[in-house]
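By convention in this document, chain letters (A, B, ...) are assigned in the order of the sequence lines, proteins followed by strands, and residues within each chain are numbered from 1. Every value quoted in this text rests on a predicted model; they were computed, and no experiment measured them. The basis for the numbers below is simple: all heavy atoms, side chains too, and nothing from hydrogens, waters or symmetry mates.
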Amino acid sequence: MENIRVRFAPSPTGALHIGGIRTALYNYLLAKKHGGTFILRIEDTDQSRYVPGAEEYIIEALRWCGLLPDEGPEFGGDYGPYRQSERKHLYAQYAEQLVANGHAYYAFDTAEALDAHRVQDKTFKYGAATRLRLTNSLTLPASEVQQRIANGEPWVIRLQVPDNELVVVPDLIRGEVTFRSKELDDKVMLKSDGMPTYHLANIVDDYLMRITHVIRGEEWLPSTGHHVLLYRYLGWEAAMPQFAHLPLILKPDGKGKLSKRDGARLGIPVFPLGWAGDTPEESFQGFREFGFLPQAMLNFLAFQGWNPGTEQEIFTIPELIEAFSLEKIGKSGARFDFEKAKWYNQQYVHTADAATLATFVRPLLETKGYHPEPAFLESFCTLLRERVTLLPEFWEKGAFFFTEPKEYDAKNVQKRWDATTRNLFEQLTDTLRAIADNQWSEPRVHQTVQEFMDQHELKPGALFPLLRIALAGSTQGPALFGMMELLGKSKTIARLDSALPRFDGFVA
RNA sequence: GGCCCGUUCGUCUAGGGGUUAGGACGCAGGAUUUUCAUUCCUGUAACACGGGUUCGAUUCCCGUACGGGCUACCA
């Protein structure tokens, strides 16, 4: 394929959810696979729905994911500006061209008047069957149309959909989708505030930006009939992009597509990044805050609706680019599967190198007030990563490396703590104390403890759980000797010493 | 309601006129492990229904049911 140009075109109406990220990802993958161009375009033609910060959020989210646009606001490019509000002056001429060619008309019906029609007739549609009895340049004398416009009366331009044609939408995922034009309404192209609607702006910009493939959610399929008509009436049919309408991501339970409310309701993230709304109810944690690695989230999302046809499931971005194709995208909606998302993250955490993990874990520790040395942090990550699924678990399972445990597993101490054990414990502590500071290491500690156990004919079960509780508060945790090495000699000994009276207290 | 799209294990999916319908998540059991995890093994479970077409349909066609989307001067 030659000169592929694709765009991700979100509206800045709030946080971008996971479905949007997946759309961006598929666009990105197709572009990169063919050496094409990935464009970000902000579709902010509806001033009433504009949310401050939403555009920044979109860009930050894309950056976090590593899905950097080749062109877009803040990214440059030869086809800008990339915000529709800054392209406002471009659209009217095309709407007027449509009128001049007899494919659109001025309409004066107010929103209230149309609402009234809809109340009266649930199936009311501004279209072929009704346009001749409404207030527009098709029914009014030309002089009156001029007069009304001159008087400053509000007007819109509507597309005049043909009465009886078959409109065929070619779609790479679904084949040909056919609409009867009489079912299509006369969509508004230019609003009374002078702004274009999505339909006009989208087609004009896709044309002007030389977009070759439109990859977007399935919710756009029903209006694509209008879009095809628009390309035709504007004389751009030869340049019409190829369409690919993606299956939607559905709620994990119940009915309907995934919505931001589902996140709060089910305690799962539906946004890449957190979003601070005006109220707690409007604020959400994202995949980032839940502790996902962006690569893992992307790998997961790639598979919600797409599959390479092989049994490989873990893909780096370059591998995804290599394997991706629109033909492999499924047709049916995919239920959001958070368990699978966590599994992906676990796979990535397990195999990530320590330095990479450290960059994600450091901020976590810093919020707790700790600023570990890089080498220590990396060892920490290496020691714990096998039992971590979500990043915050590094703290939950490893806090004792930084601070004394808050709770101790008294029950398990009570089961094992008696005079004999106490004596052995004390002796072992002294044996460990005898290791030179600069000799303190996992193998050395291991060897020392092993010899001690051999000498006293002890099984691991006799002392290990108690050592764990003394050091970490719990019988669970990473490999004991690795734990001791990382903790260091002084802390290890100090905790063993202080455990003695504490354990005595548990059985008293 | 109308229009459009879809339907393989609970979930994500592979497959495709003749297969023991494959994988993954989850769940259950087992092995390894000083603990907890990890890892490994085993098991669990699906072609929505009814008609065609065909020697033969899960696969093709038509209906039905169910699910989803759209139906704004929102995108």
From the set [options], return the single nucleotide nearest to any side-chain atom of [X].
X: Phe464(A); options: G6(B), U34(B), C74(B); answer: U34(B)
X: Arg180(A); options: C5(B), C70(B), C3(B); answer: C3(B)
X: Glu219(A); options: A75(B), C5(B), U7(B); answer: A75(B)
X: Pro222(A); options: U38(B), C3(B), C70(B); answer: C70(B)
X: Arg49(A); options: U35(B), C74(B), U7(B); answer: C74(B)
X: Glu313(A); options: G26(B), A75(B), G23(B); answer: G23(B)
X: Gln347(A); options: C74(B), U39(B), C5(B); answer: U39(B)
X: Glu311(A); options: U35(B), G22(B), U13(B); answer: G22(B)
X: Leu221(A); options: U38(B), C3(B), C5(B); answer: C5(B)
X: Arg118(A); options: G26(B), G68(B), A72(B); answer: A72(B)

I'd like to know if the side chain of Lys191(A) reaches the main chain of Thr197(A), judged simply by a donor and an acceptor atom lying under 3.5 Å from each other, with no hydrogens or angles considered.
no
Identity of whatever pairs with [N] - Watson-Crick or G-U, under 3.5 angstrom:
N: G43(B); value: C27(B)
N: U7(B); value: A65(B)
N: U34(B); value: none

Base, sugar-phosphate, or nothing: which does [X] touch, judged by heavy atoms less than 4.0 Å apart?
X: Gly477(A); result: base
X: Ala479(A); result: base
X: Ser48(A); result: nothing
X: Gly256(A); result: sugar-phosphate
X: Ser192(A); result: base
X: Asn202(A); result: nothing
X: Gly330(A); result: nothing
X: Tyr344(A); result: nothing
X: Lys182(A); result: nothing

Less than 4.0 angstrom between a side-chain N/O of [X] and OP1 or OP2 of [N], yes or no?
X: Arg158(A); N: C73(B); value: yes
X: Lys255(A); N: G67(B); value: yes
X: Lys191(A); N: A75(B); value: yes
X: Lys257(A); N: C70(B); value: yes
X: Thr45(A); N: A75(B); value: yes
X: Lys328(A); N: G15(B); value: yes

Figure out the [atom1]/[atom2] separation between [X] and [N], and round it to whole Å.
X: Arg335(A); N: U8(B); atom1: CZ; atom2: P; answer: 11 Å
X: His226(A); N: A72(B); atom1: NE2; atom2: P; answer: 10 Å
X: Leu172(A); N: C5(B); atom1: CG; atom2: P; answer: 16 Å
X: Gln84(A); N: C74(B); atom1: CD; atom2: C1'; answer: 13 Å

Crowded around Gln120(A) CD? As in, over 12 foreign heavy atoms under 6.0 Å?
no
Is there a donor-acceptor contact under 3.5 Å linking the side chains of Gln295(A) and Asn299(A)?
no
Do the side-chain N and O atoms of Gln447(A) and Glu451(A) include a donor-acceptor pair separated by under 3.5 angstrom?
yes
Quick check on RNA chain B: between Asp337(A) and Pro478(A), whose nearest nucleotide comes earlier from the 5' end?
Asp337(A)
Lys122(A) vs Tyr198(A), nearer the 5' end of RNA chain B by closest nucleotide:
Lys122(A)
Mark yes or no for a side-chain to base donor-acceptor pair under 3.5 Å between Arg387(A) and C36(B), with no hydrogen or angle criteria applied.
yes
Under 3.5 Å, is there any donor-acceptor pair linking the side chain of Lys187(A) to the base of A72(B)?
no
Which of these passes salt bridge (Lys or Arg N to Asp or Glu O under 4.0 Å) with Arg131(A): Asp185(A), Asp163(A), Asp109(A)?
Asp163(A)
Do Arg7(A) and Tyr82(A) have side chains that get closer than 4.5 Å, going by heavy atoms?
no
